[in-house]
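From a predicted model like this one, the values you see are computed outputs, not experimental measurements. Chain letters run A, B, ... following the sequence lines, proteins first, then strands; residues in each count from 1. Worth knowing before you read on, the calculation uses all heavy atoms, side chains too, and leaves out hydrogens, waters and symmetry mates.
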Amino acid sequence: MVATRYAISVDVGGTFTDFVLFDMDAGATAAFHKVLTDAQRPARAVIVGWREVLDTVGARPDQIHYAVHSTTIVTNAIVARTGAKTGLLTTQGFRDVLEIGIEQLYDIYDLFAPYPPPVVPRELRREVVERVTRDGDVLEALDEGSVRTQIGDLVGRGVQSIAVSLIHAYRNPNHERRIAEIVAELAPDVSVSLSSRVAPVMGEYERTSTVAADAYVKPLLRNYLQDLLGELRQLGYERPLYLMLSSGGITTAEAAMEFPIRLLESGPAAGAFAAGYFGTLAGHDHVLSFDMGGTTAKACLIERGKPAVAGLLEADRVHRFKPGSGLPIMAPTVNLIEIGAGGGSIAHLNELGLLSVGPQSAEADPGPASYGRGGELPTVTDGNTLLGYLDPGYFLGGRMALKPELATSAIERHIASKLDLGPTDAARGIHVTVNENMAQAARTHLIERNRDPRDVVMVAFGGAGPAHAIEVARLLGIRMVIAPFGAGVASAIGALTAPMALPLVRSYMTTLAGADWSHVERLYNDMREEASAAFSGVPGAEAPQYGSALDMRFAGQYHELRVELPDTIPTKGRVGDIVGAFQKRYTEVYGRVPTGLGVEVLNWHLEAESSQIVFHLSKVGAREGDAAEARKKEREIYFGAPEAGYRTCPVYDRYKLFPGATLSGPCVIEEREATVVVPPDCTVGVDGYRNLVITLGTEAWA
Amino acid sequence: MTTRATPETHDPFDPIHLGIIWSRLIGITDDMWTTVLRTAVSTIIGAAQDFGCEILDAEGNSVAHSNRSMPVFNIVMPTVTRAVLERHPVETMRPGDVYVTNDPWLCAGHLDDIAAITPVFLGDRVVGFAVTIAHTSSIGGSLTSRTVRDVYEEGLRIPVVKLYDAGERNEAVHGFIRENVRTPDMVVTDIEAQMTANELGGRRIVSLLREYELPSLTAVARQIQAHSERAMREAIREIPDGTYRSEVVADGLDHPVRLRCEITVAGDEMAIDYGGSDPEEPRGGINCTLTYTRAHTVYPRVPALAERARQRRGIPTVQDRGTGGLDPELQRAGVGGIAHADRLAPSPVDLRGARAGRAPPGAGRQRADALGARLRARGGRSLLQCPFLRRGWSRGEQGEGWHRPQLLPSSARNVAVEVFESRVPVLVHDRNLRPGSAGAGTWRGAFGHRIEFGPLPGYERPLSFFLNPDRLRFPPKGLAGGHDGPRTEIRLNGELLGPEEIGSGQITLKTADDRFEVAVPGGAGYGHPAERDPALIEADRASELVSDG
């Protein structure tokens with residue numbers, strides 16, 4: 001018997017594949033690692049990096065106890081449209097559901113705002129004869145002849161995957177299930193996704209969009225995971241591979257292959273978990289994760305280590321991250337907000353001549369002006385360079401030299417000269433504006449969750465996060481920011497901290513007073529069965545804990561509130577408690593409860609969870625010596641307060657800071673992937689886990 | 001190191017801080033919008049999203065509105081807020097007051113749109129208004145709006161009144177509303193949703209003002225108006241001076257109606273004149289009030305002109321903006337004309353069919369016009385559900401028409417068939433794109449939609465639908481050599497109904513086998529079809545929406 005002592009986490013992103021190797025015996029991270037993602041064959045980069053990260057500490061593959069994986073492969077396949085040739089079967093009369101959408105002009109001032117094309121073109125969308133009513137009664141039986149004809153024709157056209165979405169199938173799934181049997185009989189190699197299994201909820205557009213996207217990525221994810229598992233076996237790793245779901249739960253590779261759309265936000269969900277972990281580690285219950293990268297910034301409220309989960313998200317927003325411009329996906333997803341604000345966000349003057357930043361981004365190519373790769377438009381990174389926040393010689397740890405003179409001329413030409421400002425003021429304007437955009441989005445996110453920002457601690461990561469975090473925190477009234485050690489691989493850390501968990505949902509619209517409770521019981525039995533199937537064979541997870549939640553509204557409303565019912569399954573006897581919990585939540589969110597309306601339930605959720613957390617950091621001992629040893633040089637850095645202007649500030653090396661060290665602003669702390677900008681009147685402590693804990697002054701200094 | 005002047009030390013309205021404050025205000029209106037959406041109970045508001053939210057200063061000038069707001073509502077909100085101020089001077093207002101009205105001449109052109117106006121107090125002073133206008137599920141009156149003879153038949157008219165007086169509900173007003181609408185619980189709950197949103201907006205405005213130490217919204221409003229006006233004047237200046245004329249003929253009710261439009265551009269000013277349009281119609285609510293005509297005249301020009309501004313700057317962006325800066329657009333419509341219904345001799349206005357949005361603007365771009373069929377199901381009791389059905393439209397030289405954002409000028413969405421069926425005893429048999437419905441062209445129009453439905457089997461009572469179709473007589477016109485789209489087609493049990501047979505617009509289905517079908521046209525084509533890219537022709541053929549002929 002080999003002694004296993006390591007846990008490994010791999011996060012495949014668009015550019016980099018990140019690794020964390022955790023030594024469970026020592027309670028410490030053994031190694032961080034990064035390799036370039038292999039777009040052609042992602043498994044190859046995973047294997048290369050896996051081997052390398054083990055080599056750094058001399059570990060063997062069979063010493064790994066637990067391996068977890070988060071990936072953007074599903075999102076990327078949808079955005080780049082590299083999924084399988086997919087067919088869609090709908091009820092007769094509903095072939096164009098995907099194309100009709102919700103017919104909404106999502107921006108009233110942009111008459112030509114685009115929509116993403118459906119993942120299934122019209123010629124591959126086919127109708128079958130059948131009809132079920134709103135109550136689940138069969139009005140017209142499934143005409144199996146029409147099903148066979150359509151499947152035969154789709155397969156003849158080279159379809160590798162078939163999505164099935166019949167009207168009211170969330171109420172009665174039998175016709176969809178029969179179609180799956182016929183596909184298995186006629187074309188066993190073609191994968192099938194059923195709307196009644198992937199997203200059994202009311203609303204034909206959203207449900208069809210979800211099942212079509214699921215079918216579209218299913219063959220690709222299956223091939224990828226089978227390839228990866230095969231390679232890992234060859235390498236000598238025999239234990240299971242677990243995957244991070246968008247909801248923040250961990251699932252088995254087999255379950256992930258069954259519902260690939262549930263992996264859509266796998267990486268960001270893992271990042272939110274990392275923030276929650278570090279917040280909890282520092283003793284805080286309410287944490288706002290703040291992840292700012294090159295193109296977007298994400299924020300997520302995490303309460304007691306758990307992010308809130310939403311039932312709907314949009315994939316492939318084609319128009320500047322605007323809500324409404326993407327494909328709706330009904331899958332439980334960590335409820336984070338994402339806006340077009342990153343290091344690459346372009347600053348410009350809007351039609352009214354006011355400064356505006358983002359959402360369009362210079363991205364990696366051509367990138368910010370200061371990259372010197374042909375980008376001419378000024379970006380947030382250019383502003384940060386001009387203000388001295390970034391060291392042109394230490395960008396990405398010195399792997400890429402920035403050209404500050406290009407940043408200055410871009411800002412001068414496109415912003416400063418038009419506003420009659422100096423370049424420094426224009427650069428400061430860019431920095432302040434993008435911070436305000438992010439603070440506004442985060443504020444709305446917090447207020448919607450009824451959380452006062454002053455009770456919240458921010459955990460900042462992402463390439464641009466630590467340079468903006470403290471000012472964003474100040475705008476929100478947040479008084480403490482944590483910049484974790486290993487922030488450059490936060491998603492990989494986060495996946496190690498997440499529990500085995502599976503959120504499930506069934507639609508059954510009913511008034512609470514008139515509910516058929518035996519039907520509710522069937523729904524919950526069904527979900528429990530699905531959960532135990534997913535958890536079976538997972539060591540330590542055979543007996544998951546169950547919690548439930550209901551999407552409820554006042555009779556007649558069109559929008560629901562999710563009400564958590566921890567440690568209980570809804571039954572007739574609990575109706576009073578359920579109504580009470582709903583009214584309480586409603587009052588928290590909207591301020592007033594309408595009079596004289598009954599309560600309806602739309603969706604019934606079950607959350608199965610089994611804690612088998614392997615990531616337990618131990619404290620690192622304090623070292624002798626003070627922060628002066630970490631001080632590498634000084635440079636001129638601009639701050640807006642207490643007196644606006646450049647001042648000479650110390651620059652510290654993050655890797656030479658150890659527990660017990662304290663610093664005070666103004667200063668910057670550099671690590672390879674990010675720079676922490678600490679304004680005046682803030683103090684920085686290094687905690688027992690080498691995380692930077694920044695305390696903001698009480699003085700307002702706007 | 002020298003300390004230099006910075007944005008932080010400038011006045012709060014430099015281009016950086018004004019942008020930030022404005023964007024915060026727009027964020028507040030977005031949150032108001034979400035609150036209405038989530039707390040309303042009618043289909044028209046909660047699902048179809050026919051409402052808007054705005055913040056105004058203490059004088060009733062627009063400051064910010066949600067980007068998802070119904071455009072027309074945004075533009076009439078200053079009018080209705082000033083109407084409140086005229087009747088209830090600002091010094092008489094108290095915290096907890098809420099004013100309501102649905103007067104078509106002060107508000108949004110027909111009785112169905114109810115405005116809720118909430119003054120926002122900083123201390124004991126009114127610093128602004130949070131206003132929401134929403135399309136109510138019922139306002140009483142006739143169900144067949146095509147046959148009404150005056151505005152009194154169209155339903156309850158609510159003058160500018162306090163529904164809440166210092167937080168106390170005015171039971172007389174409340175009772176009048178409840179007793180005069182078909183769905184009293186729904187109507188009252190929806191008004192409460194509007195108030196809830198206004199209250200939230202008010203709280204957030206106050207905390208913003210405190211944070212920036214602003215005494216009121218007035219200075220912000222002035223600045224935004226000035227910036228908007230400058231941008232709009234710049235855009236108008238780029239249009240060559242001259243007089244542009246256009247005329248369209250619309251279906252009307254019993255007979256076609258003619259709309260004339262004359263746009264005169266001189267320097268940075270634009271005058272729009274609907275004089276010469278047909279006179280008011282005495283029957284069927286297709287007349288427009290001036291507030292409504294003005295709103296539909298102003299709105300399409302904002303994105304159209306802003307687009308020019310975008311192209312000029314070479315940056316592909318559009319930002320949220322207030323409704324300010326529209327003053328250069330002066331409109332005249334002869335009193336008593338179809339585009340300016342006379343308040344003294346109140347003509348019916350419910351359908352507002354002669355909306356100015358139909359008139360092609362002088363700038364030469366083909367704008368979408370769209371009047372969808374509105375369907376209302378009615379069983380033994382009033383159900384009043386309303387799935388929008390949209391026309392496809394055209395994008396002119398921008399390229400191929402989209403199938404989706406089709407009801408212009410509107411920000412509403414459709415209602416899912418599954419949701420619709422769950423609320424009314426109807427079975428939808430078909431709801432697809434309509435083959436052959438796009439006008440041919442170098443860039444063809446988008447395809448229109450068709451819907452076919454009947455009573456839910458087992459539902460025994462007669463089921464009535466009320467519809468107000470357009471394009472039965474006149475198809476959408478092609479431009480620059482593009483072909484026209486088809487006409488709207490309405491069938492009852494397979495039988496095509498002509499404009500005369502639509503009559504009052506009430507269609508009653510008596511048995512479960514009855515089928516009712518509405519097929520609306522797509523957009524017209526732009527440019528000669530012979531110049532169409534062969535790859536696009538092939539794609540159309542593959543889609544089975546265009547036949548080879």
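Under the 3.5 Å distance criterion, with hydrogens and angles disregarded, no donor-acceptor pair is assigned to the side chains of Gln92(A) and Asp430(B).
Within 6.0 Å of CD in Glu634(A) there are more than 12 heavy atoms belonging to other residues, nucleotides or ligands. No more than 12 heavy atoms of other residues, nucleotides or ligands lie within 6.0 Å of CD in Glu213(B), so this atom counts as exposed by the packing criterion.
Distance CZ/Arg95(A) to CG/Leu433(B): 9.5 Å, rounded to 0.5 Å. Here CG of Asp135(A) is found 9.5 Å from OG of Ser422(B). Values are rounded to the nearest 0.5 Å.
In this structure, chain B has a heavy atom under 4.5 Å from the side chain of Leu419(A), while its backbone stays farther away. Heavy atoms of Arg171(A) lying under 4.5 Å from chain B are absent altogether. Contact annotation for Glu123(A): both backbone and side-chain heavy atoms come within less than 4.5 Å of a heavy atom of chain B. For chain B, the nearby part of Gln440(A) is the side chain; its heavy atoms alone come within less than 4.5 Å. Within the 4.5 angstrom heavy-atom criterion, atoms from both the backbone and the side chain of Ala542(B) approach chain A.
Comparing Glu204(A), Glu436(A), Arg125(A) by how many heavy-atom pairs each has under 4.5 Å with chain B, the most go to Glu204(A). Of the listed residues (Val97(A), Asn437(A), Leu561(A), Leu139(A)), the greatest number of heavy-atom pairs within a distance under 4.5 Å of chain B belongs to Leu139(A). By number of non-hydrogen pairs under 4.5 angstrom with chain A, the leading residue of Glu544(B), Glu199(B), Arg24(B) is Arg24(B). When each of Thr196(B), Thr189(B), Leu37(B), Val188(B) is checked for heavy-atom pairs under 4.5 Å with chain A, Leu37(B) comes out on top.
Side-chain contact check for Tyr170(A) versus Glu418(B): some heavy-atom pair is nearer than 4.5 Å. Looking at heavy atoms from C-beta onward, Thr39(B) lies in side-chain contact with Tyr586(A) at the 4.5 angstrom threshold. When side chains are defined from C-beta on, Glu127(A) counts as touching Asn432(B), because their heavy atoms get closer than 4.5 Å.
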Inset, instruction - Any chance you could lay out the side chain to side chain contact (heavy atoms under 4.5 Å, CB included) test for Phe447(B) and Asp96(A), step after step, and finish with the verdict? - result: CA-CA 11 Å; Phe447(B) 294 94; Asp96(A) 294 324; over 6 Å; no
Legend entry - Test salt bridge (charged side-chain N to carboxylate O under 4.0 Å, His left out) applied to Arg131(A) and Glu421(B), step by step: CA-CA 13 Å; Arg131(A) 189 60 149 90; Glu421(B) 287 190 353; 2.4 Å; yes
Legend entry - Trace of the side chain to side chain contact (heavy atoms under 4.5 Å, CB included) decision for Leu456(B) with Arg134(A): CA-CA 10 Å; Leu456(B) 179 69; Arg134(A) 59 188 183 182; 3.9 Å; yes
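Considering all non-hydrogen atoms of both residues, Gly203(A) and Ala416(B) come closest at CA-CB, 4.3 Å. Phe94(A) and His429(B) get closest at one heavy-atom pair: CE1-O, 4.4 Å. For Met202(A) against Val419(B), the heavy-atom pair with the smallest separation is SD-CG2, 4.0 Å.
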